[in-house]
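Here's the structure we're looking at; comments come further down.
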Amino acid sequence: MNDIAPIKDQAARDAAARAADYEHGWSSDIEQEYGPKGLSEDTVRYISAKKDEPEWMLDWRLKAYRHWLTMPTPDWAKLNIPPIDYQAAYYWAAPKTKPKLGSLDEVDPEILRVYAKLGIPLEEQKVLAGVEGARKIAVDAVFDSVSVATTFRKELEAAGVIFRSISEAIREYPDQVRKWLGKVVPMADNYFSALNCAVFSDGTFVYIPEGVRCPMELSTYFRINAENTGQFERTLIVADKGSYVSYLEGCTAPMRDENQLHAAVVELVAMDDAEIKYSTVQNWYPGDAEGKGGIYNFVTKRALCQGKRSKVSWTQVETGSAITWKYPSCVLNGEDSVGEFYSVAVTNNHQQADTGTKMIHNARGTRSTIISKGISAGHSNNTYRGLVRIGAAAEGSRNFTQCDSLLLGADCGAHTVPYIEVRNPSAQIEHEATTSKISDDQMFYAQARGLGMEEAVALIVNGFAKEVLQQLPMEFAVEAQKLLGISLEGSVG
Amino acid sequence: MLQIHNLSAAVADKPILNDLTLTINAGEIHAIMGPNGAGKSTLGYVLGGRPGYEVTGGSVAFNGQDLLALAPHERAAAGLFLGFQYPVEIPGVSFVQFLRESLNAQRRARGEEPLSGGAFLKLAREQAALLRLDMEMLKRPVNVGFSGGEKKRAEMVQMGILDPRLAILDETDSGLDIDALRICGEGINAIMRKPDKAVLLITHYQRLLDYVKPDFVHVLAGGKIIRSGGADLALELEEHGYEPAL
């Protein structure tokens, strides 16, 4: 997804030219099937029926929907959120395909082309035949409301790993799903999580059995394609005792003038000695330079470090979306469990981001690390909001927080809002925060060595974000570096 | 190679350079000396194209090109190198990454193929060895935690890697101990004393000139060159100070 070269067909080339500033701004003419417009119990029933869900699932959705109706829109974030007309959107859009896909051959070739344009290796064979030593990555591709392809299934099954779209998992592994669904992020947790519970259409379920180190990176690529459609996906990852998994998530959407809603829920569960590494490169369409269009990204991500010595590490690179509202968190219930949050959030033009984390220390010896790098340019606003809570039982717990903000230009804003609650006197908390600008000295020094202005900015910004970027798996790190440069184009000069 | 003609420049509306004229030919090493505030560093920044240093008159030709019409990075690609008096720190970016991207940006601008990672590292290793700088230092972030002497040696390594036609070295000798001074001097000779290259040394003191023998020495005062001579002029200034020259 790094250069234009692989784009073969003229339509895609034209779209790419139009989307000069946003590489993934094209849309595809794929035959879509839409559900009823607007949000009602009928919509919820329609989705559940489409997915051939068991009764308990429909009941759960309806309960969530009825609760959502009673909830006010949250307004505590430092975001200016225009009113969202929930009746003007579609909650179900799916490519017209055969109901059950046996193999990739049966996927609409146009969809495969979309993913090829994104540089996502859906075609397993190609990957398998690829360069020796190339890392295998299993992919679940979610296109608008449904998962269209999950790769490497057999190889993963041999290791005992379940990697399925969540709709399949609800049918095939109902007990496993039911045990944890909504347990990390309760249905009524917040406005957008309740909405997600009611209308989520697809997503990913992963189970790593006891003692298994997942043999490859798992990833889900989300693509919003249809117009006037929200995407509400749900991810549930359960890492059993002593297991390990690294999971990657990427997101893109076409450029459209209207705003589109994305309200996802991600739940992670780590048992004793298990480790989950969850990496996100979020590049939803951010809107144009005047702030028109773009994705509203309201996401609830939370991990339960349930087991002793369990560990969850969130890494996110947030460059897209018109509005980002997202706080990947860790609830440290297991003794000596560890939570980490590494974040780079870039806002340019009129983007708004209010993002951060919550580290909830409920057991003794728990540790958490928060490294947040916010980069603001243009007329954007970028807020770090984080909570560190040390419960009464969390004897000897520690947190280290570092929040750095970098400003490009005079019209943007950076804000840091840390909340610290300590109920155990043995806890140790450190918080460091800096705000800086790219200095004229740095810019001239880099330019005097031959770098153009935008190359210089990209280099300096990447240096600023390095601590976070180096947490990403190699392939993602390279992509993220380029993305930082692209996102800030036109922000200086 | 470089023709500076009646150059005038101002910083924040304050005139600093005043009708300065200087010609540097290929194969020559020039030293510009002068008292504090004479405009020496300003001359370097104006030639490098630093924003805020406003040219108010005159012209500069660099190998036949109008230098003043080029952006700073275009001047670098055209073969101009500016050695900084106070090298700048760039946290999180290693020298290796910084220089490889810089070199390849220059090469792209000149229509040359970018250098591969392996070829670049070989080049960097050679140039680091020339300045007796541990290659490991180049894996560290640009100038972060470097001593004054290490920063200046790293500047010379950068010059060696970027291989410019003309180097303008602003007080490369400041902050150097005796050994580092000699190493930097030898480095300048090895990299730049070639028939198709030229150097403009900006300095307060004669001591660097013991190692890098200038063909011409100029005294800059009040924003213009008030006296020019051979290497002897530097010795004279060292002995008697700038007062008699002013």
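So that the names make sense, note that chain A is the first sequence line, chain B the second, and so on, each numbered from 1. Worth saying up front: this structure is predicted, and the values here are computed from it rather than measured.
The shortest non-hydrogen separation linking A:L451 to B:H73 is O-CB, 3.2 Å.
Contacts of residues 135-155 of chain B with chain A at a heavy-atom distance below 4.5 Å involve B:V142, B:N143, B:E155, listed in sequence order. Within residues 47-56 of chain B, the residues having any heavy atom less than 4.5 Å from a heavy atom of chain A are, in residue-number order, B:G48, B:G49, B:R50, B:P51. Listed by sequence position, B:A105, B:Q106, B:R108 are the residues of residues 104-123 of chain B in contact with chain A, using a 4.5 angstrom heavy-atom cutoff. For a heavy-atom cut-off of 4.5 Å, chain B lies close to no residue in residues 374-381 of chain A.
Of the two parts of B:I90, the backbone and the side chain both hold a non-hydrogen atom closer than 4.5 Å to a non-hydrogen atom of chain A. For a residue to count as touching a neighbouring chain, one of its non-hydrogen atoms must lie under 4.5 Å from one of that chain's; by this rule A:A446 touches chain B with backbone and side chain alike. Heavy atoms of B:E89 lying under 4.5 Å from chain A belong exclusively to its backbone. Looking at A:Y445, both its backbone and its side chain come within 4.5 Å of chain B, counting heavy atoms on both sides.
Taking the six-membered ring for Trp and thresholds of 30 and 60 degrees, B:F84 and A:F444 have ring planes inclined between 30 and 60 degrees apart.
Interface remark: of the candidates A:A448, A:A465, A:S439, A:A456, A:A448 forms the most heavy-atom pairs closer than 4.5 Å to chain B. Among A:Q447, A:Q470, A:E467, the residue making the largest number of heavy-atom pairs under 4.5 Å with chain B is A:Q447.
A donor-acceptor pair under 3.5 Å is formed between the side chain of A:R449 and the backbone N or O of B:L82.
Put simply, CD on A:E455 and CD on B:E101 are 7.5 Å apart, with the number rounded to the nearest 0.5 Å.
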